[in-house]
Amino acid sequence: MEREVKTYVLKRPVEEVVPRKLSIDYAAALNSQQLAAVSAGEGPSLVIAGAGSGKTRTLVYRVAYLIDSGIDPSNILLLTFTRKSAQEMLARAGDLIGARSQRVCGGTFHSVANMLLRRYGRSIGVEPGFTILDRGDAEDLIALCRAQLGLNEKDKRFPRKGTVMEMISKSANTLRSLDDILLEEFSHFADHLEDLTKLQTAYHAAKRQKQLLDYDDLLVMLRQLLEMDQPARMAISSQYRYILVDEYQDTNRLQAEVIRRLATTHNNVTVVGDDSQSIYAFRGATFKNIMEFPVLFPGTTIYKLEENYRSTQPILDLANCIIDEAAEKYTKRLFTRKLDGPMPALVEAAGENAQSRFIAQKILELREEGVPLSEVAVLFRSSFHSFDLEIELSRKGLPFIKRGGVKFIETAHVKDLLAHVRVVANPLDTVSWHRVLMLVEGVGPKKAQDLLAAIMKVERPSDVLRGVSGRSGQGLKNLANALERLAGSEDRQPAEHVNHIYEYYLPILKEQYDDYPKRTRDLDHLHTIAEGYPGIDEFLADLALEPPDGSAVGIEAPDRDDERLVLSTIHSAKGLEWQCVFVIWVVDGRFPSAYSFLSDDELEEERRLFYVAVTRAKRHLFMTYPINVYDKASGMLLSKPSRFIDHVSSDLLDTLALVEEGGREDWGTPRYQDY
């Protein structure tokens, strides 16, 4: 006889609902705005962090707070734009909360994608042993595909490999078709649309065939994995139940979609950023991501960090005034407890040289007042704006370092050596093979292609290399010997690989480059980097994912006792700060650039760039502009300050005019006066 079953609810013991005792006094360590963001509950959070408002501190404490609240650290994912920033944040969280922070998964979008694809990628045809192409190698593969399709023999000039790579990359990162990218940004190549589409298809096919992924593919394939493989998506999303994203204003459409899919089983996403510092549209980043985050994640709570710990109030008043005019923004007002300080100055110079002489003279005065050179920066919209100033600083004996130039990993000699290491690690890597073969005396593009075709058909590439006679015969035998000694030596350390190839490559280096002593220093640095890795695969993957900066080529060793001021584009200065900042060429047509006048979106990005420049200064800010300057590129006479200054009240700025000492005929030391 079936009996009716009734239920009886057991109440949860009282002690289980008692809040967990936290080990840190968060209220004492943070201001009220930071505390609200750090202690936010479940669900999506958007933290609008004004310039100098303690963004990194807030993220660090958020990680600590989650762990302190009982969240398993392995369920936390911290996404940043550089590996260094992720490591620093987690180290700082460790100082607060202890060794548990080491179990947090932290890294760049691309390094996390690399890890997930090696673990789950098989379901979409990505084998765990894939090789990552850096930008230069990807361009070389495009060049190979272009040659195979016969596109080099066109009557009309076909885009260079770097331009083609830029088109394909932008298409991937902005989720727009190649047609759209071509017509909107490269319309002068519109006649090549059909051939470019064929080339894009051939490039993707070549990568798939050889198990190669370029930098963009890491996110493209991760998005595809999260879209097509539901079990993998659920497993990954369940693993990372708390997602934190730094610098969200710099994300592109592809990254925003990846974040949305990673959070498929929950909405615990905290993004931190500043819409007013979104300045990387040229890389595919979109200002719209941070504006539309509440749409992507309904129910978002918005927190604003407005207390600035960097600048004085006069500088912040100017910054607030500049960004007030932005067409679309999250309204915020930066404030500080540093109420006193000199007024920002707008400096009018007769010409470019007077501008340069003023800056040199003012830097010397500030130095006398106790401001070290290392606390001075000159910022500019475009790199060429500083050329005259560089000459003037050298004339005055003021040492400087200019931010920019070729990155370490992109130098030809480093790429040459790594190509040899790569063909040993992945014998199917045609891009690296092509580079290696082209270094051998007597091997040109045609011979390299023929050798490459033969190498791909055999198990032992050295047999092909040894079978060649003629001018290139001995060089190819030497290459075969060098590679053969490394083949099958998986247990060798990466440093041994680098050292072994270095011995083979040194005679080639000396033959190819007049400045080979400087370049050998870079290769020594590469050996030092390799010593920190247990295996060759991790070494090669990390170099492609997060290349170190700074080559010895073109940079003299600084005098150890000699401090230097910084010359930098504003893009390179983002996130940095100095006691004194000069922003030069604040001229309509140069800043904003004349090229931005036809597009509202581009003009707004220029405004945000100006805001970034102004907010780098802690105490002294000088904005300089020459008048009556003819610009050859635009055919314009540039004679007025930037339009971004137009609406700024006169009580927010000191306005200076430079006058020549002893009258107009004396072109010695300029003086300056208020007017």
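Salt bridge Lys402/Glu390: present, at least one basic N to carboxylate O contact under 4.0 Å. Checked for salt-bridge contact, Lys55 and Asp274 miss the test: no charged N lies under 4.0 Å from a carboxylate O. With respect to the salt-bridge test (charged N to carboxylate O, under 4.0 angstrom), the residues Arg92 and Glu88 do not qualify. At a threshold of 4.0 Å, the pair Lys640-Glu348 does not count as salt-bridged, since none of the basic side-chain nitrogens sits closer than that to a carboxylate oxygen.
Residues in residues 372-382 take part in these salt bridge (Lys or Arg N to Asp or Glu O under 4.0 Å) pairs, two or more places apart or across chains: Glu375-Lys618, Arg381-Glu606.
Taking a 6.0 Å sphere around CG of Asp340, one finds it holds 12 or fewer heavy atoms contributed by other residues, nucleotides or ligands. Within 6.0 Å of CG on Asp324 lie more than 12 heavy atoms contributed by other residues, nucleotides or ligands.
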Q.
Run Glu328 and Lys288 through salt bridge (charged side-chain N to carboxylate O under 4.0 Å, His left out) and show every step you take.
A. CA-CA 10 Å; Glu328 192 179 1; Lys288 298 291 182 189; 3.2 Å; yes
Q: Walk me through it: do Phe380 and Phe591 pass the test ring pair (Phe, Tyr, Trp, His ring centres under 6.0 Å)?
A: CA-CA 9 Å; Phe380 31 85; Phe591 198 176; over 10 Å; no
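Among Asn252, Thr251, Asp275, the single residue meeting the side-chain hydrogen bond (donor to acceptor under 3.5 Å, both in side chains) criterion with Asn289 is Thr251. Of the candidates Arg333, Lys332, Gln33, Gln33 is the only one forming a side-chain hydrogen bond (donor to acceptor under 3.5 Å, both in side chains) with Glu306.
Not less than 6.0 angstrom separates the ring centroid of Phe644 from the ring centroid of Tyr611.
In terms of the side-chain hydrogen bond (donor to acceptor under 3.5 Å, both in side chains) criterion, residue partners of Arg643 (sequence neighbours excluded) are, by chain and number, Asp588.
Within the cation-pi definition used here (under 6.0 Å to the ring centroid, within 45° of the axis), Arg608 qualifies as a partner of Phe287.
Between the side chain of Arg310 and the backbone N or O of Thr615, at least one donor-acceptor pair lies under 3.5 Å.
In this structure the side chain of Thr312 never reaches within 4.5 angstrom of the side chain of Leu339, judged on heavy atoms.
In summary, the side chains of Asp601 and Ser599 do not present any donor paired with an acceptor at a separation below 3.5 Å, with no hydrogens or angles considered.
Shortest non-hydrogen contact noted between Tyr303 and Ala40 is OH-CB, 3.2 Å.
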